[in-house]
Amino acid sequence: MSEDKKLQENTSENEMENTTGISATGDEGAKVEEIPATEENIANDVDSDSKDATEDSKEEPMGTAEEKNEDVLNEIDENNAEDAEDSDNEHRHTIPILDYHSMSMENLVGELQRLVRNEKVQALKKHVDGIKSEFDLKFQDFIDEKKEDFISNGGNEIDFRYNSVTKRQFNEVYSDYREKRNQYYKNLEKDLKANLNKRLEIIEELKGLVNVEEDMNTTYKNFKDLQEQWRNAGPIPRNNYNDVWRTYQHHVEIFYDFLHLNRELRDLDFKHNLAEKEKLVQQAEALATEPDLNKVFRELQILHKIWKEDIGPVGQEHREAIWERFSNATKVLHQRRQDHYKELDAQYEKNWEKKQEIIKSIRQIAENTANNHRGLQQQIKKVEEFRENFFGAGKVPRNKNEKTWASFKDAVRSFNRNKNSYYKNLKKDQQENLQKKRELLDLAVSLKDSEDWDSTTQEMKRIQSEWKKIGHVPRKYSDKIWKEFKNACNHYFDRLHALKNKGAAEEEENYRKKEECLNRLKTVQLSGDREKDILVLKEFIAEWKNYGRVPFRKKNIDQKFNKILDAMFKKLKVSRQDAELLKYGNKVQELADSENVRAIQNERSFIRKKIEEIKGEIRQLENNLQFFSNASEDNPLVQDVVKRVNSHKESLTTWKAKLKKLNIMENSLHRETESDDESTEDSEE
């Protein structure tokens with residue numbers, strides 16, 4: 001029979017075979033019947049909510065080794081189909097899925113926000129679904145607890161409302177994610193449809209090659225052109241990926257098996273494809289030593305994708321053997337993965353046991369709730385620790401997760417009900433606390449505009465401290481009274497801080513002036529005229545006192561000034577006491593000029609206190625001397641005590657002189673005041 005005759009017969013057989021459907025291979029495996037991949041049979045749904053990715057872990061399937069191998073092949077196909085829409089989908093493997101169950105609602109919001117801002121939206125479905133599931137569980141538990149508190153405090157369930165900032169933030173971020181996701185798939189849909197139509201057209205052209213009567217080399221060249229077009233056709237919808245690929249692969253095999261083209265070209269192609277597939281097999285076998293199982297599965301997925309998409313068929317005599325090797329390597333890796341999941345299941349079981357112990361501990365506390373505030377607060381703290389330990393205990397088996405969560409919530413709620421029942425009986429105390437806080441609020445409001453800074457500041461601090469010591473007040477008053485109290489305190493302290501800021505600038509300016517004054521004092525040369533020189537120094541003292549306070553960290557400038565003055569007074573043979581009184585005279589004059597009665601009283605109190613302190617020191621030292629009654633006057637200890645007594649006596653004389661100056665000044669002010677009053681009376685008469 002001629003080659004052309006054989007070609008016509010084989011082509012006719014092929015066409016008859018395709019009248020009932022497409023007979024395609026899984027690769028080089030058994031044939032299965034499929035529905036033809038026509039445009040009318042392709043769904044256009046690209047909503048990501050219907051495209052669930054493979055679950056994090058799979059329970060070991062029951063059945064034969066062939067069925068288990070089929071499971072892992074299906075899983076690989078599903079992942080490759082998902083990536084077929086957009087190669088950026090592969091990025092989802094590198095984004096870690098955290099233990100969302102152990103995270104607080106606030107942390108879940110933060111993690112969701114980080115993912116939506118920084119990652120590809122099409123790679124986030126598993127992450128976002130996991131976060132949303134855990135957030136919804138925790139928020140519902142939180143709301144249920146708040147509702148119980150509301151009802152236990154006398155509220156009506158129908159009136160319960162709760163405005164959660166965390167929930168609002170979550171909704172905003174989740175809405176942003178959905179908007180980005182929908183926009184992504186909206187933009188993608190058009191391209192995916194166009195690429196799908198392009199691939200279907202390539203398949204139709206490929207089917208038509210077996211019916212073309214032309215030179216074999218030309219037909220082979222057209223076949224290679226179609227293969228290149230296929231490689232560059234772009235992504236298609238994931239739900240069409242595997243069917244379309246199988247249809248394409250089926251017709252590629254038909255072309256090779258039934259079209260009697262140039263044997264040399266076909267065998268060369270088969271040889272090249274066999275070499276490439278052997279490389280993939282070797283790479284798959286080498287993955288058996290890779291410790292990172294996630295990486296193993298990703299690499300295996302890529303190898304299967306290359307096997308399917310980039311490499312054509314091999315000769316009929318090698319198909320089963322090469323596929324068997326690749327399949328066996330896949331089985332080995334799949335078994336490693338299943339063993340790993342068994343270990344995880346064992347760890348999840350231990351986590352479950354740990355969580356059961358935590359739930360048991362919480363129930364014990366709930367059944368023995370304290371009947372006093374202090375004990376109850378300790379139990380609240382303990383239950384909170386158990387809550388943190390529960391969330392930090394790790395995952396549990398999936399089939400036990402909901403029941404474990406429900407038991408945990410029930411135990412915590414049982415404790416909360418007993419706790420709330422106790423505090424419900426404290427309403428009388430809360431009313432008394434409310435009255436105390438209202439009194440402090442009234443006092444704070446009365447002081448908020450005071451300008452008696454010293455005494456008012458201390459009083460405001462005292463009432464703030466008292467406020468903290470007062471217990472709870474009824475919830476409906478709590479926020480309002482606290483806000484009013486805080487506003488009154490903030491009003492006062494804002495004024496105080498503004499004054500201090502202004503004072504700080506003035507102190508810096510005072511320092512600058514004092515530094516200039518000090519530098520001028522350093523250059524003063526004594527003339528030898530004692531009275532004249534003392535007058536010059538008094539002018540410096542008066543100028544110095546006039547500048548007022550300097551920043552605390554720079555107060556040593558006063559010591560420098562006094563040290564230079566003391567040295568000059570010593571040269572002028574002015575005693576230490578006289579020098580002190582000269583310097584103090586300026587301060588007395590400042591007090592007289594200010595006519596501030598309170599400041600004068602404070603100064604007198606300070607001097608009297610110093611006098612009493614010095615007298616006490618002298619008495620103590622003189623008492624100490626009695627212990628040395630039998631000691632010689634040359635004894636160093638005796639000499640030291642005597643020296644200190646004499647020094648204190650000199651200081652006492654100076655302070656008494658200062659008090660005398662202050663009294664004289666005050667008496668003088670009184671006389672002037674009385675004289676002014678008499679003049680006013682005469683004028684009125």
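In this chain, numbering begins with 1 at the start of the sequence shown.
- Between Glu353 and Lys350 there is no salt bridge, since none of the side-chain N atoms of the basic residue sits less than 4.0 Å from a carboxylate O of the acidic one.
- Contact annotation: the side chain of Gln377 approaches that of Ile380 to within less than 4.5 Å [non-hydrogen atoms, C-beta and beyond].
- Expressed to the nearest 0.5 Å, how far NZ of Lys342 lies from CD of Gln335 amounts to 6.5 Å.
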Check: Going through the checks in order, is the side-chain hydrogen bond (donor to acceptor under 3.5 Å, both in side chains) test met by Gln227 and Lys224?
Finding: CA-CA 5 Å; Gln227 281 188 314; Lys224 285 297 182 182; 3.3 Å; yes
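- Interatomic distance, NZ of Lys355 versus NZ of Lys400, reported as 12.5 Å (0.5 Å rounding).
- The pair Lys382-Glu385 counts as a salt bridge, with a side-chain nitrogen and a carboxylate oxygen less than 4.0 angstrom apart.
- Formation of a donor-acceptor pair under 3.5 Å by the Asp176 side chain with backbone atoms of Glu172 is not found in this model.
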Margin query: For Met105 and Lys167: C-alpha separation, side-chain torsions, deciding distance, then whether side-chain contact (heavy atoms from CB on, under 4.5 Å) applies.
Written below: CA-CA 8 Å; Met105 290 192 295; Lys167 175 64 172 173; over 6 Å; no
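- One finds the CZ atom of Phe408 at 11.0 Å from the CZ atom of Arg363 (value rounded to the nearest 0.5 Å).
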Note to self: Does Glu111 form a side-chain hydrogen bond (donor to acceptor under 3.5 Å, both in side chains) with Asn107? I'd like the steps, not just the answer.
What the structure shows: CA-CA 6 Å; Glu111 177 63 11; Asn107 288 342; over 6 Å; no
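- No side-chain N or O of Asn197 forms a donor-acceptor pair with one of Glu201 less than 3.5 Å apart.
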Checklist line | Evaluation steps, side-chain contact (heavy atoms from CB on, under 4.5 Å), between Tyr100 and Met103 | finding: CA-CA 5 Å; Tyr100 301 130; Met103 297 171 68; 3.7 Å; yes
Checklist line | Derivation of the salt bridge (charged side-chain N to carboxylate O under 4.0 Å, His left out) call for Asp410 and Arg413 | finding: CA-CA 5 Å; Asp410 182 66; Arg413 286 176 184 172; over 6 Å; no
Check: Under the side-chain contact (heavy atoms from CB on, under 4.5 Å) criterion, do Trp405 and Phe390 qualify, and how do the steps go?
Finding: CA-CA 10 Å; Trp405 177 248; Phe390 180 87; 3.9 Å; yes
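- Minimum interatomic distance between Glu119 and Arg114 (heavy atoms only, all atoms of both residues): OE2-NH1, 4.2 Å.
- A 4.5 Å side-chain heavy-atom check between Lys483 and Lys480 finds every atom pair outside the cut-off.
- Residue Gln379 comes nearest to Ala370 through the heavy atom pair OE1-N, 2.9 Å, listed as atom of the first residue, atom of the second, then distance.
- At distances below 3.5 Å, at least one donor-acceptor pair connects side-chain atoms of Asn418 with backbone N or O atoms of Ala366.
- Residues Phe139 and Tyr162 place their aromatic rings such that the two centres sit no closer than 6.0 Å.
- At a threshold of 4.5 Å between non-hydrogen side-chain atoms, the residues Thr404 and Ile359 count as touching.
- A salt bridge is absent between Lys295 and Glu299: the closest approach of a Lys/Arg side-chain nitrogen to an acidic carboxylate oxygen does not fall below 4.0 angstrom.
- At a threshold of 4.5 Å between non-hydrogen side-chain atoms, the residues Leu112 and Val128 count as touching.
- Among Ile131, Leu115, Leu124, Asn182, the one residue that satisfies the side chain to side chain contact (heavy atoms under 4.5 Å, CB included) test with Tyr177 is Leu124.
- Surrounding CD of Glu402 are at most 12 heavy atoms belonging to other residues, nucleotides or ligands under 6.0 Å away.
- Separating the CD1 atom in Ile362 from the CZ atom in Phe415 is a distance of 9.5 Å, to the nearest 0.5 Å.
- Counting all heavy atoms, side chain and backbone alike, Gln169 lies closest to Val109 at CB-CG1, 4.1 Å.
- Judged by distance alone, with hydrogens and angles left aside, the side-chain atoms of Asn195 form a donor-acceptor pair with the main-chain N or O of Pro235 at under 3.5 Å.
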Next item on the list: Applying side-chain contact (heavy atoms from CB on, under 4.5 Å), run through Leu108 and Lys138 and close with a yes or a no.
Entry: CA-CA 10 Å; Leu108 288 171; Lys138 286 181 170 60; 4.2 Å; yes
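- Heavy-atom minimum distance, Val332 versus Ala288: CG1-CB, 4.5 Å.
- Heavy atoms only, all atoms of each residue included: Leu300 and Leu287 are closest at N-CD1, 3.9 Å.
- Checked by atom type and distance alone, the side chain of His127 pairs as donor or acceptor with a backbone atom of Ile95 at under 3.5 Å.
- When all heavy atoms are compared, the tightest approach of Leu196 to Pro237 is CB-CD, 4.2 Å.
- Summarising the local packing, CD of Glu106 is surrounded by more than 12 heavy atoms from other residues, nucleotides or ligands at distances under 6.0 Å.
- Using a 4.5 Å cut-off on side-chain heavy atoms (C-beta onward), Ser478 and His472 make no contact.
- Checked for salt-bridge contact, Lys132 and Asp129 miss the test: no charged N lies under 4.0 Å from a carboxylate O.
- Side-chain atoms of Ser133 do not come within 3.5 Å of backbone N or O of Gly130 as any donor-acceptor pair.
- Counting only distance, with no hydrogens or angles, the side chain of Asn351 and the backbone of Lys395 share a donor-acceptor pair below 3.5 Å.
- Side-chain polar atoms of Lys279 and Gln282 form no donor-acceptor pair below 3.5 angstrom.
- Between Tyr174 and Phe170, the two ring planes are parallel [angle under 30°; tilted spans 30° to 60°].
- Atom CZ of Arg199 and atom CD of Glu204 lie 15.0 Å apart (nearest 0.5 Å).
- Taking the side chain as every heavy atom from C-beta outward, Gln283 and Leu280 approach each other to under 4.5 Å.
- Under the 30°/60° scheme for interplanar angles, the aromatic rings of His304 and Phe326 are found to be tilted.
- Note that CH2 of Trp230 and CD of Glu205 are 12.0 Å apart. Values are rounded to the nearest 0.5 Å.
- Salt-bridge annotation for Arg231 and Glu228: present, with a side-chain N of the basic residue lying under 4.0 Å from a carboxylate O of the acidic one.
- Contact check for Ile203 versus Val244: side-chain heavy atoms found under the 4.5 Å cut-off.
- Counting only heavy atoms from C-beta outward, the side chains of Ile143 and Phe160 approach each other to under 4.5 Å.
- Counting only N and O atoms by type, the side chains of Asp225 and Gln229 include no donor and acceptor under 3.5 Å apart.
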